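Worksheet: one structure, shown below.
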Amino acid sequence: MNYIQDKEYKKIDFVKEPIEATEFEDCVFEFCHFEKFNFSKFKFINCSFVECNLSSVLLGGTFFQDVNFTNCKMIGLEFEHCS
């Protein structure tokens with residue numbers, strides 16, 4: 001698993017530029033597009049999502065700890081599948 005710390009992502013379409021399962025710590029995602037992206041096995045620790053589209057993201061085994069979502073589109077998320 002990849003590990004990324006203290007990085008900012010702005011206006012990235014992760015559907016067109018997918019990444020592999022990664023652990024993110026202290027990262028910020030602004031105006032990013034994740035619709036229907038597979039977050040299975042990803043870890044997010046102390047991260048922020050601002051104005052992102054997270055609709056229908058797959059969350060099987062996804063780990064969130066101290067994560068903030070600000071003005072994000074989050075339709076159809078099934079948080080019960082998170083770790």
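The basis for the numbers below is simple: all heavy atoms, side chains too, and nothing from hydrogens, waters or symmetry mates. The model shown is predicted, which means the values in this text are computed figures rather than measured ones.
For the atom pair CD (Glu51) and CZ (Phe69), the distance works out to 14.0 Å, reported to the nearest 0.5 Å. A distance of 9.0 Å separates NZ of Lys73 from NE2 of His33, quoted to the nearest 0.5 Å. Distance check: Glu25 CD to Gln65 CD gives 8.5 Å after rounding to the nearest 0.5 Å. Rounding to the nearest 0.5 angstrom, the gap separating the CG atom in Asp13 from the CD atom in Glu35 is 9.5 Å. Annotation: the span from Glu30 atom CD to Cys72 atom SG amounts to 10.0 Å, rounded to 0.5 Å. How far CE of Met74 is from CG of Asn53: 10.5 Å, rounded to the nearest 0.5 Å.
Under the 4.5 Å side-chain criterion, counting only non-hydrogen atoms from C-beta, Ile4 is in contact with Tyr9. Between Ile45 and Glu23 the shortest side-chain heavy-atom distance falls below 4.5 Å. Side chains of Glu8 and Val28 form a contact here, defined as non-hydrogen atoms less than 4.5 Å apart.
In the hydrophobic cluster analysis, where Ile, Leu, Val, Met, Phe, Trp and Tyr join through side-chain heavy atoms closer than 4.5 angstrom, Leu58 is grouped apart from Leu77. Both Val67 and Ile12 belong to a single network of hydrophobic side chains, linked directly or stepwise wherever heavy atoms of I, L, V, M, F, W or Y lie under 4.5 Å apart. If you chain together hydrophobic residues whose side chains sit under 4.5 Å apart, Phe79 and Leu54 fall into the same group. Side-chain heavy atoms closer than 4.5 Å link hydrophobic residues (I, L, V, M, F, W, Y) into clusters, and following such links, even through other members, never connects Phe44 to Val50.
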Do Ile19 and Phe37 pass the side chain to side chain contact (heavy atoms under 4.5 Å, CB included) test, and can you show the C-alpha distance, the side-chain angles, and the key distance before you say yes or no? CA-CA 10 Å; Ile19 52 176; Phe37 190 80; 4.1 Å; yes
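Tested against Phe24 for a ring-ring contact (aromatic ring centres under 6.0 Å, His included), the candidates Phe64, Phe29, Phe39, Tyr3 yield a single pass: Phe29.
Between Ser40 and Ala21, the shortest heavy-atom distance links the atoms O-CB, 4.3 Å. Across all their heavy atoms, Ser83 and Gly61 have their closest contact at OG-O, 3.2 Å.
Lys36 is linked by a side-chain contact (heavy atoms from CB on, under 4.5 Å) to Ser56, counting only residues two or more places apart in sequence or in another chain.
Ring-plane geometry between Phe34 and Phe14 is classed as parallel, the angle between the planes falling under 30 degrees on a 0 to 90 degree scale with a further cut at 60.
A donor and an acceptor atom, one from each side chain of Asp26 and Asn46, are located under 3.5 Å apart.
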